[in-house]
Q: 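Could you have a look at this structure, given as structure tokens, before my questions?
Within every chain, numbering begins at 1; the chains are lettered A, B, ... in the order of the sequence lines, protein sequences first and strands thereafter.
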There are 2 protein chains.
Amino acid sequence: MLEKPITLPEEAGKELSELEIEAIQMFINFLKLIGLPKSVGEIYGLLFVAPKPLAMDEVMSRLNISLGAASQGLKLLRGVGAVKATYVPGDRRDHYVADLELSRFATAFIKEELHPRMERALERIRRMEQLSADMTPEQRKATMMKIERLKHWLEKGNKMLPWILKFLVR
Amino acid sequence: MLEKPITLPEEAGKELSELEIEAIQMFINFLKLIGLPKSVGEIYGLLFVAPKPLAMDEVMSRLNISLGAASQGLKLLRGVGAVKATYVPGDRRDHYVADLELSRFATAFIKEELHPRMERALERIRRMEQLSADMTPEQRKATMMKIERLKHWLEKGNKMLPWILKFLVR
DNA sequence: CAATAATTTCAATAAAAAATGAAGTCCGGA
DNA sequence: TCCGGACTTCATTTTTTATTGAAATTATTG
């Protein structure tokens, strides 16, 4: 084993720079939009402007968040491809870098939130069509019209998604 | 005043039909996506399939939600244009109908959530550019590259929005 | 204009979501 | 194989958000 670098307080706990603060706030706001918790925005924001890979405990101490939040946040970000683990020689810890391709958030959102909900909505619509079968003709007509509207809208959304994705990715 | 129709329990508190339940669950899920609370989804779902305008207390008793939730939910829905008040002769209460144009939710979301956040993000980016001024040339270069990425992405989003809106609305 | 129904508001409460940190697991190296 | 740091998990706590319902406000009508 090489020299133990003693405690090496390094920059652990160092104050956040103004740049970091701006980036972090920006990502907190954006990721909140797609339902991600503050801590995830903080982590991504910090890594986004970081000039070099950061280890989990650096993330923790810079942001003053707990071990659990750091671990779970990084896990989620890795899961959507927004953060990558990199190897740093001579250090046992994993180090993380932000993937700068912002569209990863959009694609993850579409894949994990939008798509499943659309599927379930279509199921419900099918069920509604069945249920409208035993209605008075008059009621049935009105109901079918509404259901048609719903379907139409969902289809429109579904058609738009691939287009949006193509536009966002690269 | 005409004959007082006595208590007229009418259909107040009547069980929800299966059709209503499907519609309600569908809208709970969808509206949650854009950050609206469950009660709002319930109200809109109920009104969406209702064959006639409903008064606030009907909404309350059918859904078993409180006076406050009904009032606030209807207010919000009226605010985004998703629900209209209609006049019902001989009844003092307001009656509400769902506007079937689903795109109202999308446009409200874009106008009230997305747009403001984009504006604020652009301000932050400007601030970040200023801050990067006093950095070492090397750091500055790396930072500016990242900022460019952000800008590029925001612009892309901004360009896409009108298109999406045009597509969704009618 | 009094009486009362309909609705809004908002402080208090409940419910849901996120953060914490201790206990447990998983390595990698000696 | 045993040790110790790095990380993960998850029951508990904290924070945030939504709901409730009583009081205040605003009609409506007789």
Side-chain angles (χ1 to χ4, degrees), chain A residues 1-8 10 12 24 27-29 31-44 46 53-79 83-96 113, chain B residues 1-8 10 12 27-29 31-44 53-79 83-96 113:
Chain A
M1 193 216 206
L2 300 174
E3 269 303 284
K4 174 133 171 270
I6 318 170
T7 347
L8 191 61
E10 209 167 351
I24 288 168
F27 282 107
I28 288 175
N29 279 318
L31 300 197
K32 184 183 290 170
L33 202 63
I34 59 173
L36 297 180
K38 189 179 158 206
S39 62
V40 171
E42 293 179 285
I43 296 170
Y44 187 78
L46 178 64
L54 298 181
M56 195 175 92
D57 55 309
E58 293 171 316
V59 171
M60 275 174 64
S61 63
R62 299 293 308 280
L63 296 173
N64 274 298
I65 60 177
S66 70
L67 191 62
S71 172
Q72 290 180 176
L74 284 167
K75 184 182 175 184
L76 186 153
L77 288 165
R78 256 153 37 221
V83 157
K84 310 284 188 213
T86 62
Y87 172 66
V88 170
D91 199 325
R92 209 165 136 180
R93 303 168 299 175
D94 279 333
H95 286 67
Y96 301 99
E113 301 284 325
Chain B
M1 189 215 200
L2 300 173
E3 270 302 284
K4 173 134 171 270
I6 319 169
T7 348
L8 190 64
E10 212 168 354
F27 283 108
I28 289 175
N29 278 319
L31 300 197
K32 183 182 288 170
L33 202 63
I34 61 175
L36 297 180
K38 188 178 156 204
S39 61
V40 171
E42 292 179 286
I43 296 170
Y44 187 78
L54 298 181
M56 196 175 90
D57 55 307
E58 292 172 314
V59 171
M60 274 175 65
S61 64
R62 300 292 308 284
L63 296 173
N64 274 298
I65 61 177
S66 72
L67 192 60
S71 172
Q72 291 180 175
L74 284 167
K75 184 182 176 186
L76 186 153
L77 287 166
R78 256 151 38 221
V83 157
K84 311 283 189 214
T86 63
Y87 171 67
V88 170
D91 199 324
R92 205 164 137 180
R93 302 168 300 174
D94 278 336
H95 286 65
Y96 301 98
E113 301 284 327

Q: Considering residues, nucleotides and ligands other than A/Lys84, do more than 12 of their heavy atoms fall under 6.0 Å from its NZ?
A: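 Buried by this count: over 12 neighbours within 6.0 Å.
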Q: Under 4.0 Å, counting only non-hydrogen atoms across every strand here, what does B/Ser71 touch: a base, just sugar-phosphate, or nothing?
A: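 The answer is base, as B/Ser71 lies within the cut-off (heavy atoms under 4.0 Å) of a base atom.
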Q: Give the nucleotide from the list D/dG5, C/dT20, C/dA6 with an atom nearest to the side chain of B/Arg92.
A: C/dA6
Q: Determine whether B/Ile43 and B/Ile65 make a side-chain contact, defined as any pair of heavy atoms from C-beta on separated by less than 4.5 Å.
A: yes
Q: Let me know the distance between CG of A/Asp94 and P of C/dC26, rounded to the nearest Å.
A: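 Rounded to whole Å, this separation is 16 Å.
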Q: Starting at atom CG of A/Leu36, determine the distance to atom C1' of C/dA17, rounded to an integer number of angstrom.
A: 13 Å
Q: Take A/Tyr96 and A/Ala69, find for each the nucleotide of DNA chain D with the closest heavy atom, and name the residue whose nucleotide sits nearer the 5' end.
A: A/Tyr96
Q: For the side chain of B/Leu67, starting at C-beta, report the closest nucleotide among D/dG5, C/dT8, D/dT20.
A: C/dT8
Q: Roughly how many Å is it from NZ in B/Lys32 to P in D/dT17, rounded to a whole number?
A: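 For the pair B/Lys32 NZ and D/dT17 P, the rounded distance is 15 Å.
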Q: Would you mind telling me which of B/Leu77, B/Val40, B/Leu76 makes a side-chain contact (heavy atoms from CB on, under 4.5 Å) with B/Val83?
A: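 Looking at B/Leu77, B/Val40, B/Leu76, the match for B/Val83 under the side-chain contact (heavy atoms from CB on, under 4.5 Å) is B/Leu77.
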Q: Expressed in angstrom and rounded to an integer, what is the separation of A/Leu76 atom CG from D/dT8 atom P?
A: 13 Å
Q: State, with a plain yes or no, whether a side-chain heavy atom of B/Met60 is found less than 4.5 Å away from one of B/Leu67.
A: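 Heavy-atom side-chain distance check passes, below 4.5 Å.
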Q: For A/Met56 and D/dG5, what is the distance between atoms CE and C1' respectively, to the nearest whole Å?
A: 11 Å
Q: Working to the nearest 0.5 Å, report the span between CG of A/Leu54 and CG of A/Asp94.
A: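 CG of A/Asp94 is found 12.5 Å from CG of A/Leu54.
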Q: Please confirm whether the shortest side-chain N or O distance from B/Arg93 to OP1 or OP2 of C/dT4 is below 4.0 Å.
A: no
Q: Would you indicate, yes or no, if D/dA18 has its OP1 or OP2 atom less than 4.0 angstrom from a side-chain nitrogen or oxygen of B/Ser39?
A: no
Q: Could you tell me the separation between the NE2 atom of A/His95 and the C1' atom of D/dA6, rounded to a whole number of Å?
A: 11 Å
Q: How many whole angstroms separate atom CD1 of A/Ile34 from atom C1' of C/dA17?
A: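 Computing the A/Ile34:CD1 to C/dA17:C1' distance gives 16 Å.
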Q: Answer with yes or no whether B/Gln72 presents, from its side chain, a donor or acceptor under 3.5 Å of a partner atom in the base of C/dC10.
A: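 Yes.
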Q: Mind checking the OG-CG spacing from A/Ser39 to A/Leu74? Nearest 0.5 Å is all I need.
A: 9.5 Å
Q: What is the distance, to the nearest angstrom, from the NZ atom on B/Lys38 to the P atom on C/dA17?
A: 11 Å
Q: Mind checking whether A/Glu113 and B/Leu33 have side chains closer than 4.5 Å, heavy atoms only?
A: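 With C-beta onward as the side chain, the pair touches.
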Q: How is the base pairing of DNA chain C summarised as a dot-bracket string, given the Watson-Crick and G-U wobble criteria with both distances under 3.5 Å, [ ] for crossing and | for another strand?
A: ||||||||||||||||||||||||||||||
Q: Is A/Lys75 close enough to D/dC7 that one of its side-chain N or O atoms is under 4.0 Å from OP1 or OP2 there?
A: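 Indeed not, no polar side-chain atom of A/Lys75 lies that close.
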Q: What is the distance from atom CG of B/Asp57 to atom CZ of B/Arg93, rounded to the nearest 0.5 Å?
A: 4.5 Å
Q: Just checking B/Leu74: base, sugar-phosphate only, or nothing, at a heavy-atom cut-off of under 4.0 Å?
A: nothing
Q: With a 4.0 Å limit, can you tell me whether B/Ser66 has a side-chain N or O closer than that to the phosphate oxygens OP1/OP2 of D/dT20?
A: yes
